[in-house]
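Along the sequence shown, residues carry numbers from 1. What you are looking at is a predicted structure, and each value in this text was computed from that prediction instead of being measured.
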Amino acid sequence: MLKNRDLLGLEYLDAEEIKLILDTAESFKEVGTRQVKKVPALRGVTVVNFFHEPSTRTRTSFELAAKRLSADVVSFTSGASSLKKGETLVDTAQNIEAMSIDMVVIRHSCAGAPAMLARALKASVINAGDGVHEHPTQGLLDMFTIREKKGKLKGLKVTFIGDITHSRVARSNIWGMRKMGMEVAVAGPATLIPPRIEEMGVKVYHDVDQALKDADVAYILRIQLERQQGGLFPSIREYASIYGINNRTLQRAKPGIMVMHPGPMNRGIEISSGVADGPSAVILDQVTNGVAVRMAVLYLLAQRRGKLEDETEEGGNKVKRPAASKRRTK
């Protein structure tokens, strides 16, 4: 069982909790292959998707995950809420909680927003990305995908290439992967590498070929064009020529290297279409696995809250049914 009722970041999970989530996701992945893609595990549980930044994959993935577990789902954005009228984030969330909800999935541009809500709410809070801090379910689905394809995590080397400074994906993955016994390196222009990142247990490269020489996974990060007005590198063309990953780059890398990307991709900048659509890429597998991982997170947090009680057989599958609402304080 998870130790906390919220998922705020992989910094706060231990290796056993990460393994529990990955193992649970493995059992849920089969649900997506059924003709009827639904189990009654979270019937009676209400999940709110509260997104303050644009999202396609994460928001849709959480919605599908909740619905496949038979939870009730409500989704809205800040532009369609009372935040537009000046209401605070906490007041908005507490008003929603007053309608007897159980979980809030939040994405926010400010680092620490999910933690602030977790302190104010009795509902479980799941961080779907907060500023440049963390994106824990992305890190979990990435590790799930690597374990699925490579058969293990411990001992593998992953190199993150690109804008490390602004990447909450890299930060969550570094926390999680180091705890699972993986070797992590980062590569990119010096202006896009955070100072003292070596203190997180990672190795820093500025030469892509060196960074990929013995890497099992090349994890390519999106160049966040909206953050490049500060002149962090001379030009997009120059970045693409030095740090962009194409088939020539992979030919110089370790044989059998796997390519990942969290999306959305800037084709022709950080990644070529030949690589993105090639046999080394598992980018769409990451998207598929995101649903199973988020199902596991929702299920385990519901279990932690005491929302799962009676085990029953339905359609030949053993499932957990949620108990009647029993709200727990911290």
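- In this structure, Lys29 places its NZ atom where more than 12 heavy-atom neighbours from other residues, nucleotides or ligands lie under 6.0 Å away.
- Checked by atom type and distance alone, the side chain of Glu97 pairs as donor or acceptor with a backbone atom of Lys122 at under 3.5 Å.
- Looking at Glu134 and Ser172, their side chains do bring a donor and an acceptor atom within 3.5 Å of each other.
- You'll find the side chain of Leu153 stays beyond 4.5 Å of the side chain of Met177, heavy atoms only.
- A distance-only check finds a donor-acceptor pair linking the side chain of Ser70 to the backbone of Val39 [under 3.5 Å].
- Between Thr145 and Asp142, the side chains place no donor N or O within less than 3.5 Å of an acceptor N or O (distance only, hydrogens not considered).
- Between the side chains of His135 and Arg107, a donor-acceptor pair is found at a separation under 3.5 Å.
- Figure legend: cation-pi geometry between Arg294 and Phe62, with NZ or CZ positioned under 6.0 Å from the six-membered ring centre and within 45° of its axis.
- Checked by atom type and distance alone, the side chain of Thr165 pairs as donor or acceptor with a backbone atom of Leu192 at under 3.5 Å.
- Remark: the backbone N or O of Thr249 is paired with a side-chain donor or acceptor of Asn246 at under 3.5 angstrom.
- Between Leu2 and Arg304, the closest heavy-atom pair is O-CD, 2.8 Å.
- Within 6.0 Å of the NZ atom in Lys213, the count of heavy atoms belonging to other residues, nucleotides or ligands does not exceed 12.
- Looking only at atom types and distance, the side chain of Glu270 has a donor-acceptor partner in the side chain of His261 under 3.5 Å away.
- With 3.5 Å as the limit, one finds a donor-acceptor pair spanning the side chains of Glu87 and Thr92.
- Applying the salt bridge (Lys or Arg N to Asp or Glu O under 4.0 Å) test between Arg147 and each of Asp23, Asp216, Asp285 identifies Asp23 as the sole match.
- Other residues, nucleotides and ligands place more than 12 heavy atoms under 6.0 Å from the CZ atom of Arg267.
- In the displayed structure, Lys154 atom NZ is contacted under 6.0 Å by at most 12 heavy atoms of other residues, nucleotides or ligands.
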